[in-house]
Amino acid sequence: MQTAELSGLPAGVADHLREEGIEELYPPQAEAVEAGVTEGESVVASVPTASGKTLIAELAMLASVERGGKALYIVPLRALASEKKREFERFEEFGVSVGVSTGNYESDEEWLSNRDIVVATSEKVDSLVRNGASWIEELSCVVADEIHLVDDANRGPTLEVTLAKLRQLNPALQTVALSATVGNADEVADWLDAELVHSEWRPIDLRTGVHYGSALHFDDGSQEEFAVESGDNPTTALVSDTLSDGGSSLVFVNSRRNAEAAARRLGNAVEDQLTGEERAELAELAEEVRGVSDSETSDDLADAIANGAAFHHAGLAREHRTLVEDAFRDRLIKAISATPTLAAGVNTPSRRVIVRDWQRYDGDAGGMKPLATLEVHQMMGRAGRPGLDPYGEALLLANNHDELDELFERYVWADPEPVRSKLATEPALRTHVLATVASGFASSRGGLLEFLERTLYATQSTDPGRLESVTDRMLDYLERNGFLERAGEDIEATGIGHTVSRLYLDPMSAAEMVDGLRGADDASALGLYHLVARTPDMWELYLRSGDREKYTEIAYEREAEFLGDMPTEFEAERFEDWLSALKTASLLEDWASEVEEDRITERYSIGPGDLRGKVETAQWLLNAAERLAVELDLGPDVVASISAARQRVEHGVGEELLGLTGVGNVGRKRARWLYEAGIETRDELRNAEKSVVLGALRGREKTAETILRNAGHPNPAIEGEGVEADESAAVEAEADSRGDGQAGLGDF
DNA sequence: CGGGTTAGGGTGTAGACAGCATGTC
DNA sequence: CTACACCCTAACCCG
């Protein structure tokens, strides 16, 4: 089908697509059009990665907008939201407006009501529904990207329930679901009353195979000689082989440490194939990476990048990740070793993909477990850059003949596992039963069960009694904790129940917080950090060897500060959880006491990305705790201490600096410098001697000017002011001249 | 004064051992 | 990451 034959799109779009080089639709795209995506028909598209799924969604949304409607595009990851927004913005010249919504707090985001296309994560959409965003009812088209993720135990139920809600609000809603190729896409299509478009077609060839001995064995039965010199390992040999052919490689491994170690080795193998120009650009990039964060991870990454390789995992700060991803896409970085983060994230195609580790440690299983077929297929799907590579190649590595056979059977020839709903579990229903009642989708037990009939679980289930019994258990739980009230068949959310639903808290988190805050007339920062750290909304930090003793000691030393009862050492499991929450709490306390970033990452053996994540979650939960304290009327002192604790993690400073950190461009370090110079509040900053401010800021005039302007100084200009800097300040200014004196946290 | 002894610090290496992916509001 | 062997040096003691 030709692009020119498309109808129902905004004027100019078809021509624009042709200018982008899209003359003819790919077969699955044409099939979707025939199924009626541009006419408002619901479609499930189950096609391989990088086969033009996005265009199917775009055609559906644009046609819907052209008919006067409004479209929503649901992404699985925050990082993908901005990527998609950027893509869709190319249609703004045809009068189609785009908006994104992700992130922290409860809101209805009314400004989105005049956008034609909205991009959001499933949790954000759920939150918007709970907060009663009026524009949700105006939606005419919803796209669910990567819908196979309904299979995910943690986040799948949210997507499932959210789609059910949107479809209940508007029975005529067009639903377009994009999926990787999975075994049971027909069941998904059934659930969504959609037509199934299934295809194995790819725009560029993907060869998959296994390396074993001195040969590559491919899926089509062919073999290619590939000998690895003794002393060399197959991964680096394959990577430098690709590079000598002008291609880049992606290596998937099973742990962060492995990713970092592999990047070091890959750098050594890749380094001698770099041109002088590339070396210079890489050196520049390496310094930029180093400046992102003050931590060993940041230094190690910079060192690897200087050699043309990089690692990628969730311990990296977001800026690290985007720098690496962009440079890899620009073909500057030649190889990345990554944990599975990269397979699910933003688009980073590569000539060759090597799945080095196909087993991963799983604490629940107590050992190594093979990766899911779907997961490995997603990794392999990253091979081949459309328009750049003649073909893509994805390889697994085998150490012996048995493994060769096993890898072929498990991954090369196997179909991915079917998608199964995970809705009928306690954590999922605890949250969604409350939200469903609180936002008015059901007002009785029968209504609730009827609503749940709209989910994938119901279409798949052979055991409907299970959903019912878990639902009943959760109704009891929610009633017992005062979130719901029941009168016969009727169910209603209480005031606090509504608040919990809108704050997007797990009811169990809310119960824990309410319990801890009640009867506390005073709360220390550590006590509050521990309170939020032990809710199910904050993931636990591992207790490493020696941590048990260390935190047990701290637990007894500071027993008086904890809110709620401390479990005894005889309740082994609860005590363990308590200690690991204490570890998180003391991390937060360190951060809020101005301990340096590199000390924290080292002390808790985490990466800068983990630190930022913890801080962000703590901020969100403390905000929620504050709202609950107000709602429950726990008194101004409690509310004030929560607020102070929240602001301290937000800026990473002691309480005495909170008066300064509100000023733009003043972070934890500069606030401390100003404070030491005798400037303690915004007012004092505004009225301070310029020379004092300049001295405190280590003599940097530009920063001093912007800070004074941000503090509201009538005449911030600094010229010819003497610097009152003593020698130690001058030395520090020297040491500091690389960064801008800010930790870099706080503006993410 | 010369030779020997000893404690202390630093360096290098082998082997044991723990730890092991991700993520939304 | 620890235990251990090993080397070097400085300080001290004794004949």
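Reminder, nothing fancy here: chain letters follow the sequence lines and each chain counts from 1. Side chains included, hydrogens not; waters and symmetry mates left out as well; all remaining heavy atoms used.
Between Asp126(A) and Lys165(A) there is a salt bridge, with a side-chain nitrogen of the basic residue lying less than 4.0 Å from a carboxylate oxygen of the acidic one. A salt bridge between Asp152(A) and Arg155(A) is absent, with no side-chain N of the basic residue lying under 4.0 Å from a carboxylate O of the acidic one. Salt-bridge formation is not detected for the pair Arg115(A)/Glu109(A): no Lys NZ or Arg NE/NH1/NH2 atom is positioned less than 4.0 Å from an Asp or Glu carboxylate oxygen.
Across all strands shown, the partner of dA5(C) is dT11(B), judged by Watson-Crick or G-U wobble contacts whose two distances both fall under 3.5 Å. When both distances must be under 3.5 Å, the Watson-Crick or G-U wobble mate of dG4(B) is dC12(C). Shown here, dA18(B) forms no base pair; nothing in the strands shown gives a Watson-Crick or G-U wobble contact with both key distances under 3.5 Å.
Side-chain N/O atoms of Lys53(A) and Ser179(A) include no donor and acceptor closer than 3.5 Å. Counted by atom type alone, Arg534(A) and His530(A) present one or more donor-acceptor pairs between their side chains at under 3.5 Å.
Across all strands shown, Thr617(A) has heavy atoms under 4.0 Å from base atoms, whether or not it also approaches the sugar-phosphate.
Side chains of Ser255(A) and His313(A) form no contact here, defined as non-hydrogen atoms less than 4.5 Å apart.
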Spell out protein contact along nucleotides 16-23 of chain B as letters: B when the base is contacted, S when just the sugar-phosphate is, - when no protein heavy atom is under 4.0 Å; keep the 5' to 3' order. ---SBBSB

